[in-house]
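Start at 1 with the first residue, then count along the sequence.
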Amino acid sequence: MFSASTPPPGPLEKVFQYIDLHQDEFVQTLKEWVAVESDSVQPAPRLRRELLRMVGLAADRLRGLGARVASVDAGFQQLPDSQTLPVPPILLAELGSDPKKPTVCYYGHLDVQPARQEDGWLTDPYTLTEVDGKLYGRGTTDNKGPVLAWINAVSAFKALDEDLPVNIKFLIEGMEEAGSLALEELVRKEKSGFFSSVDCIVISDNLWISQRKPALIYGTRGNSYFTVEVKCRDQDFHSGTFGGILNEPMADLVALLGSLVDASGRILVPGIYEHVAPVTEEEKRVYADIDLDVEEYRNSSQVKRFLFDTKVKQHLEYIFSKRNSSNQMTVSMALGLHPWIANISDLFGTEPDMIRDGSTIPIAKILQDTTQKSVIMLPLGAVDDGEHSQNEKINRWNYIEGSKLFAAFFLEMAKLHSS
């Protein structure tokens, strides 16, 4: 009962209370999702079946919320050994179509990097284990936990019979860790369809730069991924018989790789820094406000020290020519991904750390360039979550408070839209 002087809780307060009261159920669902070995990196039929099962679980969860869910066929993956494996379908889900409301699209992925307990995990990577408020398991922070946090926020509104403040669309895939096969083609195809009514796109696939203060990611670094091969002949040589009388390919390769970066981390490829944009005064002001404790950051990274307190191919050919080696060297670009940067003025009023991230997240630039919609990166994970690494985790606090954050985000978007 509420007294005359005590106003009843508003929609957001009720949603927050619901999330707090049901947090054990939300953790249990995360446990069920982590138990699915949805590894997209290792090309094994068993793991592809797990991926298909994972996508099915997510589709069922979204349908349970009342969403219209389409499972888009993504075809097959042809591997170098001629093996063919199915690519899990891409989910396009829609909840609400009120033209008076803004439409938010969330992108997430359900696949994970490989994990084996013998690689240094303290627990079974596919059994969610809570220790001191930390939820350990592969995919907890990258990216099953954040995907579920979005679903948790929606489910809280639904369970309370509260009107969702926004229309929500979900773009969920199962091959992000293996290059997001077929996703770019789908985004381009759906530019005038699924994405036409979208006001903004949100990605939650990064980490904060601290353990407690939230961050917004407004740029990513991009990626240039080259493969260098030094070849002597088609068959192996006996190291005892031929050792010392020919150019050892490994020695050539070590010299080539050692020529790329000096001990302070500076890239040694001539002219490369001529293509790097200088830091602007505005960026310096933004970075000055970041709450970064370098010592905490170093400790959470578990390294002894950082390098700072605060074009590859022509160069390799030049270095290799100086070695006068009889071997043959080839350089091929395996992957090249553009950097991405958002217009900060698109972000609504809040004061998190504004950071640019070293992760690539290629879908951000693809979505922004193709749909011409604002893309926001709103991470949930703390700096020490260890995505892609042993003992990956998400803090219960981040997971539950993150679910609340997304609920608040819905209301904030509705307010901005109405004004």
Side-chain angles (χ1 to χ4, degrees), residues 1-30 57-70 91-108 145-172 190 193-204 214 216 346-350 371 373-378 380 398-419:
M1 295 293 292
F2 294 97
S3 68
S5 60
T6 306
L12 192 59
E13 287 77 14
K14 288 194 284 186
V15 167
F16 281 10
Q17 290 171 7
Y18 180 89
I19 291 173
D20 279 332
L21 289 171
H22 292 80
Q23 62 177 281
D24 287 342
E25 295 172 27
F26 295 147
V27 170
Q28 176 60 32
T29 304
L30 180 58
L57 282 175
D60 289 344
R61 189 80 175 178
L62 291 168
R63 290 191 182 100
L65 295 174
R68 301 182 300 278
V69 182
L91 298 182
L92 297 178
E94 303 179 59
L95 195 59
S97 57
D98 188 339
K100 298 185 180 67
K101 296 178 181 178
T103 299
V104 177
C105 178
Y106 169 72
Y107 162 82
V147 171
L148 272 174
W150 271 82
I151 292 174
N152 297 342
V154 175
S155 68
F157 279 96
K158 288 288 186 179
L160 294 166
D161 288 325
E162 290 285 347
D163 184 45
L164 268 173
V166 297
N167 305 312
I168 301 175
K169 295 193 175 190
F170 290 87
L171 169 62
I172 298 179
E190 290 291 338
F194 182 79
F195 295 104
S196 61
S197 62
V198 168
D199 292 291
C200 74
I201 301 168
V202 185
I203 299 172
S204 302
L216 282 178
D346 284 345
L347 305 176
F348 56 86
T350 185
T371 68
K373 310 290 185 179
S374 296
V375 175
I376 302 170
M377 288 195 179
L378 191 58
L380 294 189
N398 289 70
Y399 177 50
I400 299 304
E401 294 301 308
S403 300
K404 296 179 187 177
L405 169 67
F406 293 147
F409 178 80
F410 299 158
L411 285 165
E412 187 68 22
M413 283 297 300
K415 288 179 187 176
L416 288 172
H417 187 75
S418 63
S419 63

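- If you take CD on E94 and CZ on F194, they are separated by 5.5 Å, rounding to the nearest 0.5 Å.
- Expressed to the nearest 0.5 Å, how far CG of L12 lies from NZ of K404 amounts to 9.5 Å.
- Shown here are the side chain to side chain contact (heavy atoms under 4.5 Å, CB included) partners of D98, two or more places apart in sequence or in another chain: K100, K101, N167.
- Every side chain to side chain contact (heavy atoms under 4.5 Å, CB included) that L160 has, sequence neighbours left out, goes to K14, V15, Y18, E162.
- Between L62 and the options L57, L95, I151, a side-chain contact (heavy atoms from CB on, under 4.5 Å) holds for only I151.
- Looking at I19 and F26, their side chains come closer than 4.5 Å, going by heavy atoms from C-beta outward.
- Using a 4.5 Å heavy-atom cutoff, the side chains of L164 and K158 are in contact.
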**Prompt:** Given the rule in the ring-ring contact (aromatic ring centres under 6.0 Å, His included) test, do W150 and F410 qualify, once you have shown the distances and angles that lead to the verdict?
**Reply:** CA-CA 10 Å; W150 271 82; F410 299 158; 5.4 Å; yes
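- Taking the side chain as every heavy atom from C-beta outward, K169 and S197 approach each other to under 4.5 Å.
- One distance of note links OG of S403 with CG of L380; it measures 7.5 Å at 0.5 Å rounding.
- The line from CZ of F409 to CG of L378 is 6.5 Å long, rounded to the nearest 0.5 Å.
- Residues L171 and L92 are in side-chain contact: their nearest non-hydrogen atoms beyond the backbone lie under 4.5 Å apart.
- Under the ring pair (Phe, Tyr, Trp, His ring centres under 6.0 Å) criterion, F170 pairs with no residue, sequence neighbours left out.
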